[in-house]
Asker: 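I have a structure here, written as structure tokens, and I will follow up with some questions on it.
The structure displayed is predicted, hence computed values, not measured ones.
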Amino acid sequence: MNKKFFKYVTSISVAALIVLAAAVWVCIGNAEKKMTQYSFDELTSSTRHLAGECADTINTDKTILSAMASLISMQDPSDTARIVEIMNSVDFSNTFITRVELITSDNKLLSQNGELSDMSGIVNFSEEAAKGSYVSGKRADALNPDVPVLYNSVPVIRNGHRTAVLRGVLLLEEISKTYSVELYGGEAFVLIVDGDTGEILLDTWHNSLSSISSLGTRKMLMGYSYEESVANMRSGKSGDLAFISKTTGSPIYLHYEPIAVNNWSITLGVGEKRALEGTRASVRSLYIMAVIIGSVLLLHMGLIA
């Protein structure tokens, strides 16, 4: 009778151990998924903040340029010394703008140093003036064709007519080198992508600017699609992406958000270790709990055997 009883108790204990172990592993799996999602939520929040900062900076730059253009419109067009003085009156060190230049109605470019260059065949004033106030896509610098730039342009309006175009020049490679990201202990990187062309306009990760297609050569983690992410960026949608780094062989998590400028999006990326740093301790606690429970049950079975 006692042997049957102990056999029965042992069978119950084994079954309980199996059920409990399964339950614990399911809980751990669910916890890992929720904690990973929490990490992506944190990444999303940080990316949205950066998107807002980026749009605010570009719009502030435009406001400054508009004020300068208004002052220039009040000057005698032949008084280039005064116009140059206005062009040099603003410190752009806390903006995206590196320098400013003025395009005149006869396709000449007035630099901040007072130099006047003939840009015929390179710059078309009529086309530039017709666009009004706008931010360009990636272009070659009018003064240095090998340098990729963006133009933040505003018209100079005198007596109701657009008589010149003031352009803030954004040197893309220089911005990529100086753009600072303090998030995740400085270990995160930022990309700005033009959804219309797929070109990367800002990249704090690599030493050169390429296109979003460069990410397609990486191995994607299960559940994430490069093609879907590109389609989202082109249509101004947000989303997540995760792939294996070619350099470290470790996963990298990214979140992208549209910027309220043109059809651009900004992507914030960080390595898995740093992204999940705040949740690893909780997952480890669950594993430790599972080991303790399993040990207690095994000890119990040993005592009643």
Side-chain angles (χ1 to χ4, degrees), residues 28-60 96 135 175-176 179-206 209-216 218-248 250-284 286:
I28 290 174
N30 289 335
E32 285 187 318
K33 288 180 181 178
K34 289 181 179 180
M35 290 173 183
T36 300
Q37 185 57 53
Y38 173 79
S39 297
F40 266 117
D41 290 343
E42 289 290 301
L43 196 59
T44 298
S45 177
S46 297
T47 309
R48 287 176 179 169
H49 178 72
L50 287 179
E53 280 190 342
C54 182
D56 288 345
T57 299
I58 291 174
N59 289 329
T60 298
F96 286 147
V135 179
I175 294 174
S176 294
Y179 189 87
S180 178
V181 186
E182 301 301 327
L183 298 167
Y184 295 96
E187 294 182 23
F189 62 85
V190 174
L191 307 174
I192 292 181
V193 178
D194 187 336
D196 292 334
T197 63
E199 291 179 303
I200 295 176
L201 307 177
L202 181 147
D203 186 344
T204 66
W205 188 18
H206 303 97
L209 299 174
S210 56
S211 72
I212 194 63
S213 61
S214 62
L215 298 182
R218 290 165 171 78
K219 181 182 178 182
M220 299 293 138
L221 295 187
M222 186 177 297
Y224 299 97
S225 167
Y226 162 76
E227 290 76 15
E228 181 181 351
S229 293
V230 171
N232 285 341
M233 291 181 190
R234 290 189 181 279
S235 58
K237 297 179 181 178
S238 61
D240 298 320
L241 186 62
F243 54 75
I244 301 298
S245 168
K246 287 183 175 181
T247 305
T248 66
S250 301
I252 293 178
Y253 294 139
L254 305 93
H255 181 80
Y256 49 88
E257 285 285 334
I259 302 174
V261 177
N262 298 341
N263 188 27
W264 298 354
S265 64
I266 189 166
T267 298
L268 180 64
V270 65
E272 180 187 48
K273 181 179 180 180
R274 192 68 176 180
L276 302 180
E277 189 175 46
T279 62
R280 288 299 188 191
S282 299
V283 173
R284 282 196 295 269
L286 289 174

Asker: Does Ser45 have any side chain to side chain donor-acceptor pair (under 3.5 Å) partners at least two apart in sequence or in another chain, and if so, which?
Answerer: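 So Ser45 forms no side chain to side chain donor-acceptor pair (under 3.5 Å) with any residue.
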Asker: Would you give the length of the straight line joining atom CG of Leu215 to atom CH2 of Trp205, rounded to the nearest 0.5 angstrom?
Answerer: 6.0 Å
Asker: Compare all side-chain heavy atoms of Ile244 with those of Pro251 and state whether any distance is below 4.5 angstrom.
Answerer: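 They are in contact (side-chain heavy atoms under 4.5 Å apart), so the answer is yes.
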Asker: Output all residues satisfying side-chain contact (heavy atoms from CB on, under 4.5 Å) with Ser225, sequence neighbours left out; order by chain, then residue number.
Answerer: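 For Ser225 the side-chain contact (heavy atoms from CB on, under 4.5 Å) partners, ignoring immediate neighbours, are Glu227, Glu228.
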Asker: For Ala242 versus Tyr253, what's the shortest heavy-atom pair and its separation?
Answerer: CB-CD2, 3.4 Å
Asker: Quick one: side-chain contact (heavy atoms from CB on, under 4.5 Å) partners of Ser210, sequence neighbours excluded?
Answerer: Ile200, Ser214
Asker: Hey, could you give me the CE/CG distance between Met233 and Leu191, rounded to the nearest 0.5 Å?
Answerer: 7.5 Å
Asker: Can you measure from CD1 (Ile192) to CD1 (Ile175) and round to the nearest 0.5 angstrom?
Answerer: 8.0 Å
Asker: At what distance, to the nearest 0.5 angstrom, does OG of Ser213 lie from CD of Glu199?
Answerer: 10.0 Å
Asker: As an exercise, state the distance from OG1 of Thr47 to CD1 of Ile266, rounded to the nearest 0.5 Å.
Answerer: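 Between atom OG1 of Thr47 and atom CD1 of Ile266 there are 7.5 Å.
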Asker: What pairs with Thr204 under side-chain contact (heavy atoms from CB on, under 4.5 Å), at least two apart in sequence or on another chain?
Answerer: Tyr179, Phe189, Val190, Leu202
Asker: Partners of Glu53 by side-chain contact (heavy atoms from CB on, under 4.5 Å), sequence neighbours excluded?
Answerer: His49, Leu50
Asker: Under the side chain to side chain contact (heavy atoms under 4.5 Å, CB included) rule, what do Lys219 and Phe243 come out as? Steps first, then yes or no, please.
Answerer: CA-CA 5 Å; Lys219 181 182 178 182; Phe243 54 75; 5.9 Å; no
Asker: Could you tabulate the donor-acceptor pairs under 3.5 Å formed by side-chain atoms of residues 254-263, not counting sequence neighbours?
Answerer:
residue, atom, partner, partner atom, Å
His255, ND1, Thr44, OG1, 3.2
His255, ND1, Gly239, O, 2.9
His255, ND1, Asp240, OD1, 2.6
His255, NE2, Glu257, OE2, 2.6
Tyr256, OH, Ser229, OG, 3.3
Tyr256, OH, Asn232, ND2, 2.9
Glu257, OE2, Arg48, NE, 3.1
Asn262, ND2, Val135, O, 3.0
Asn263, ND2, Asp196, OD1, 3.0
Asn263, ND2, Arg234, O, 2.9

Asker: Could you measure the distance from the CG atom of Leu201 to the OG atom of Ser211? Nearest 0.5 Å is fine.
Answerer: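 OG of Ser211 is found 11.0 Å from CG of Leu201.
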